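First the structure, in the form of structure tokens, and then the observations on it.
Naming convention: chains lettered A, B, ... in sequence-line order (proteins, then strands); numbering from 1 in each chain. The basis for the numbers below is simple: all heavy atoms, side chains too, and nothing from hydrogens, waters or symmetry mates. This structure is a prediction, so every number in the text was calculated from the model and none was measured.
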There are 2 protein chains.
Amino acid sequence: MATPANENDPRVKRTRQLLLQAFISLLEERHTIHSISVQEITERATVNRATFYAHFEDKYALLEVWMREKFHHVLESQFSTTSTLQRSTLHLLILAVFDFLALWQYHLKPADRQFVPFFEVALQQELQEVLLNWLKQVPLSVPVCQETGETTALVISWAIFGPAVQWSRGDQTITKDVMAHHVLAIVIAGLSPVVTVT
Amino acid sequence: MATPANENDPRVKRTRQLLLQAFISLLEERHTIHSISVQEITERATVNRATFYAHFEDKYALLEVWMREKFHHVLESQFSTTSTLQRSTLHLLILAVFDFLALWQYHLKPADRQFVPFFEVALQQELQEVLLNWLKQVPLSVPVCQETGETTALVISWAIFGPAVQWSRGDQTITKDVMAHHVLAIVIAGLSPVVTVT
DNA sequence: ACAACACTGTTATCTAATCAACACTTTCGT
DNA sequence: ACGAAAGTGTTGATTAGATAACAGTGTTGT
């Protein structure tokens with residue numbers, strides 16, 4: 001990481017785009033991040049290797065950005081600003097998180113697992129934002145300050161995200177739907193102090 | 001054209017590629033070059049407008065490069081180095097030229113026609129090269145110096161190219177195949193002083 | 001065990017791409 | 001017919017990307 005970059009320069013946008021595309025296309029061929037080198041990424045992106053390090057710490061930082069964007073896109077498309085805090089939407093949201101984690105989990109070899117906690121943070125943040133937006137739109141049963149809302153979103157996001165991570169890592173003997181159902185019940189209960197979900 | 005560019009710099013290659021791709025994709029939508037502006041090309045290519053002029057005189061220069069590359073590709077793929085100077089390959093070559101000219105002709109509005117002669121030169125040069133390579137490989141019936149070979153290729157290339165241009169511009173009352181047949185006969189006759197085509 | 005090899009991160013130097021601004025020309029609506 | 005809008009082609013100053021070279025860290029094989 002020599003020089004951080006001006007986010008608005010068209011060259012910067014294009015370079016990041018090229019690196020992301022190259023990474024994704026390699027991921028589709030290889031299936032595991034472990035077997036992909038920075039050299040390969042930059043070669044395919046027609047970008048100099050040094051330029052890579054001007055944008056990303058390493059390939060895992062690139063992965064994080066990609067996952068964050070992908071996750072953001074999933075949440076945005078399925079839970080657009082029009083959807084509100086309801087039992088049904090919450091259920092769908094939980095399932096979406098489970099699905100997403102299950103999907104990319106198989107790209108990681110055991111050797112990569114050490115990095116996993118790092119980008120999980122990014123996903124949790126995205127999830128928290130969605131929940132916070134929902135909380136803001138809903139008429140709360142009790143008046144709460146901004147801090148309470150944010151804390152609620154934080155806790156609930158982890159209540160969904162944590163189980164999803166563990167489930168995706170585990171043997172998945174309990175089915176996704178059963179897990180999601182459990183989580184949903186607890187989340188709704190957890191929300192009861194500030195809002196009644198119907 | 002402010003600064004000519006270093007042909008080997010990866011940035012240069014990529015920029016040219018991006019401009020070409022943008023141009024082609026616009027051409028597929030619009031069908032006429034006349035309705036495409038330099039601005040649009042650069043926007044779609046995510047390249048600055050000033051950068052365009054560092055590479056090309058105007059959009060017609062870009063068109064010329066594109067046509068040259070495309071034509072080169074057609075000739076290379078259909079008449080690889082393995083093919084030799086024979087009646088059948090000559091026939092195919094002539095048809096390929098006719099087809100190529102017919103194809104892109106409809107991209108041009110009357111207003112663009114003034115530029116046509118300009119890039120026809122580029123195509124003729126490509127054609128001449130193919131012919132020259134063939135002449136070099138074939139055992140000539142009479143010993144000829146290098147200059148004679150080049151002149152022969154030059155004349156023959158025009159003998160093919162000129163009729164193809166006129167035919168593609170005209171009403172095409174005579175079919176492509178009939179025209180090609182006439183041209184073939186004359187070309188073979190024209191080659192007879194240096195080589196007998198079977 | 002060690003040598004050959006491939007990959008990683010980092011640096012200084014150089015160059016291509018961006019930007020904003022300029023004076024035109026062309027096109028278009030009313 | 002005329003003013004607005006959009007496109008052209010050019011310039012100088014600024015910034016991101018390319019390059020080559022570096023030391024260091026695994027892999028690989030023999």
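Side-chain contact between B:Ile24 and B:Glu28: present, with at least one pair of heavy atoms (C-beta onward) separated by less than 4.5 Å. In this structure, the side chains of B:Glu69 and B:Leu20 come closer than 4.5 Å at one or more pairs of heavy atoms. Counting heavy atoms from C-beta on, the side chains of A:Ile188 and A:Arg87 come closer than 4.5 Å.
The distance between atom CZ of A:Phe52 and atom P of C:dC7, rounded to the nearest whole Å, is 14 Å. In this entry the distance linking NE2 of A:His55 with C1' of D:dT15 reads 12 Å, nearest Å. Going from atom CG of A:Leu19 over to atom P of D:dA16 covers 15 Å, rounded to whole Å. One atom, NZ of A:Lys59, and another, P of D:dG26, lie 14 Å apart when rounded to the nearest Å. At whole-Å resolution of the value, CD in A:Gln39 and C1' in D:dT19 are 14 Å apart. Atom OH of A:Tyr53 is separated from atom P of D:dG17 by 16 Å (rounded to the nearest Å). The distance between atom CG of A:Asp58 and atom P of C:dC7, rounded to the nearest whole Å, is 17 Å. Nucleotide D:dG7 holds its C1' atom 13 Å from the OH atom of B:Tyr60, rounded to whole Å.
Heavy atoms of other residues, nucleotides or ligands lying less than 6.0 angstrom from NZ of A:Lys70 number 12 at most.
Taking the six-membered ring where the residue is Trp, B:Phe71 and B:Phe100 present tilted rings, their angle falling between 30° and 60°.
The nearest heavy atom of DNA chain D to B:Glu40 and to A:Arg16 marks one nucleotide each, and the one closer to the 5' end goes with B:Glu40.
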Summarise how protein sits on nucleotides 18-24 of chain C as a single string, 5' to 3': B when a protein heavy atom is under 4.0 Å from the base, S for sugar-phosphate-only contact, - for no contact.
BB-B---
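With rounding to the nearest 0.5 Å, the separation of OG1 in A:Thr42 from NZ in A:Lys59 is 12.5 Å.
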